[in-house]
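Please read the structure below before turning to the comments.
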Amino acid sequence: MTFYDEIIKLKDTDYSAVFERVTPAQIAKILAKTELQPQDFLALLSPQAESVLEEMAQAAHRLTLQHFGRTIILYTPLYLANYCVNHCVYCGFNAANNIQRRKLTLAEVALEAKAIAATGLQHLLILTGESREHSPVSYIKECVTILRRYFSSLAIEIYPLSTEEYAELIAAGVDGLTIYQEVYDEKTYRRVHPSGPKRDYRFRLETPERAGQAGIRTINIGALLGLGEWRSEAFLAGMHLAYLQQQFPEIEVSISFPRMRPQFGNYQPEFPVSDRCLVQSIMALRLFLPRAGITISTRESAALRDNLIRLGVTKMSAGSSTTIGGHTDAKDSLGQFEISDKRSVDEVRQSIANLGYKPVLKDWHDLSRGGKKDNETISVS
Amino acid sequence: MDDTLDIGGRQVDSRLFIGTGKFADYNLIPQVIKASQAQVVTVALRRVDFATPAENMLNYLPQNIILMPNTSGARNATEAIRIARIAREAGCGNWVKIEIISDQKYLLPDNFETVKAIEVLAKDGFVVLPYMSPDLMAAKRMAEAGAAAIMPLGAPIGTNRGLKMREMIQILIAEINLPIIVDAGIGRPSEAAEAMELGAAAVLVNTAIATADNPVLMAEAFGQAVAAGRKAYLAGPGAAQRFAAASSPLTGFLRNGESVTP
């Protein structure tokens, strides 16, 4: 039993028919509830709920404040390599794209780490394209060994691994996993992933569960908004998160709402998602899963990100580059996609503080740094 | 009146303990401590940024407080023990609030793992204050394992819902020979006062202060409520009655010159 079985059950949902039946009275009732069911979550994603965005915002704000306080956790991505064997039609790193391919040497990894650590950031998200030839697990592990000297938390956003491989990276110092299903509608998934190992929908869908079994601390998932119809995609991503929260209660789960950005290859989203729709997705998710983290990256503009802080967001990237070597020698090279919020880490921190929130640079402590006693075994029954 | 709380060989005058996790600005923390007169402050080691002085919350705490690092983020006894020791090695003293959460949805503490962590840390010289789900048998095990106080939740953490666990906490107060400190769930000063009137030794508050519109003023209100609740407890309030007490009791004759029937 995995989330794939849940997807099968939800496969034939007629979303338009469900949305047509949603009434204002039903929405009002949902907003007064303390615990939402999946059908309530779906109703909040309906066109009908667009008329109560402000009420949803007030409730989302209250819940986020209650559970997370006035804090926003900051992180930044570090791209290790852009070699890729996949042909994702929406991605700048598509194997067919004639772009300069590069992989950081271990010395370069240390230089990038120093440059990022100098901004004060302590949470790092490591990325690669999918290439077991150029970026094998052994290479990622070597990078992790270097990076853990500079950061208190390391998450990976790389190609899907086996449970054993996740266990290996966790032992090396990785504590978080980010993996986007990209699109939950299986037909669309096959269309936008025409070839390469990523074409295996189910293997990707079950990735968070493999990492969970390996003992990862945090999991962040998401759908790339623009590939499929956003209401059903946001719903299925939320259901996926609820499933993970249920199956792995010890894991801190969170969700991203990445909207497609301009990229080399110039793929145009089939279902463009407006600011209003993005906001509705974020708030519906917050009301459905009050304890889940919500991440918003520099794909979004500075102004929008500032406004989203009070609507449920708990984690943001800052000072991002989607380029290999982007923090040191390759500042102007072509990245995976164009970022929108180009502010420095300091500027983002200042902006968050001006909004009455605390930018948090450190929210985990590498437990391998001290605290061990020789010859002591703690019996865990 | 001399009414200090003794924990792990330290005397504490203020019975309001403060949590620091949800404040918008670290500069608020010293003001909150001052306004509330709190002396015990808990800080999550996971958030302590030793690398950056301006980001290191410890640098915002007054010298004279008792620092109680907590093991937030620990999912089991092993991780909690590791975190406690890292904190001590980093100079955070030997107090520790054990917080073991293996359920991120409700954030309820894991009493079983907590007992294991107490056994190891108490032997290792820590003053151990476990955060727990109020359960008498678990509290007894924690006391036996060497806990310096017991910290039951009043309601699920962050909910501001008050003393939902009142009945269970009352039992702990009656049966456990250690200070009972109500940690989590207290949303208003009146609820803090209620916990103190019940006989709690102290209360720990974070969300209710940190997310108030005016955290410093709310901290002051909590300080006063806790002091008032404590005084009421010491004063021994008259028992609340379900019915008005009759001024001429029906059984009064039994006390008037009792005679023995021959």
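Here is how names work: the chains are called A, B, and so on, in the same order as the sequence lines, proteins then strands, and each is numbered from 1. Values in this document were obtained by computation on a predicted structure and should not be read as measured data.
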Take a 6.0 Å sphere around [atom1] of [X] and say whether it holds more than 12 heavy atoms from other residues, nucleotides or ligands.
X        : atom1 : result
A/Lys33  : NZ    : yes
A/Arg210 : CZ    : yes
A/Arg291 : CZ    : yes
A/Gln66  : CD    : yes
B/Phe112 : CZ    : no

Where on [X] is there a heavy atom nearer than 4.5 Å to chain B: the side chain, the backbone, both, or neither?
X        : result
A/Arg349 : side chain
A/Pro359 : backbone
A/Ile73  : side chain
A/Phe248 : neither

Is it true that a side-chain atom of A/Lys362 and a backbone atom of B/Arg46 form a donor plus acceptor pair closer than 3.5 Å?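 Looks like yes, one N/O pair under 3.5 Å.
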Using non-hydrogen atoms only, which part of [X] is less than 4.5 Å away from chain A: side chain, backbone, both, or neither?
X        : answer
B/Glu119 : neither
B/Arg47  : both
B/Thr207 : side chain

Using a 6.0 Å distance limit plus a 45 degree cone around the ring axis, check whether A/Lys358 lies over the aromatic ring of B/Phe23.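 No, A/Lys358 and B/Phe23 do not form such a contact.
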Tell me which of these, [options], has more heavy-atom pairs under 4.5 Å with chain B than the rest.
options                             : result
A/Asp363, A/Leu63, A/Leu65, A/Thr71 : A/Asp363
A/Ser153, A/Gly69, A/Pro249         : A/Pro249
A/Gln122, A/His67, A/Glu250         : A/Glu250

Atom pair [atom1]/[atom2] of [X] and [Y] - distance to nearest 0.5 Å:
X        : Y        : atom1 : atom2 : result
B/Arg161 : A/Thr34  : CZ    : OG1   : 7.0 Å
A/Glu252 : B/Leu107 : CD    : CG    : 8.5 Å
B/Gln104 : A/Thr218 : CD    : OG1   : 10.0 Å
A/Trp364 : B/Ser72  : CH2   : OG    : 7.5 Å

Please report the shortest heavy-atom distance between [X] and [Y], naming the atom on each side.
X        : Y        : result
A/Leu361 : B/Glu55  : CD1-CG, 3.6 Å
B/Arg75  : A/Ile216 : NH1-O, 3.3 Å
B/Ile86  : A/Asp366 : CD1-O, 4.2 Å

At a heavy-atom distance under 4.5 Å, which candidate from B/Ala24, B/Gly73, B/Ala54, B/Ala208 has the highest pair count against chain A?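 Counting heavy-atom pairs under 4.5 Å, the top option is B/Ala24.
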Is the shortest side-chain heavy-atom distance between A/Leu367 and B/Glu79 below 4.5 Å?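 In contact.
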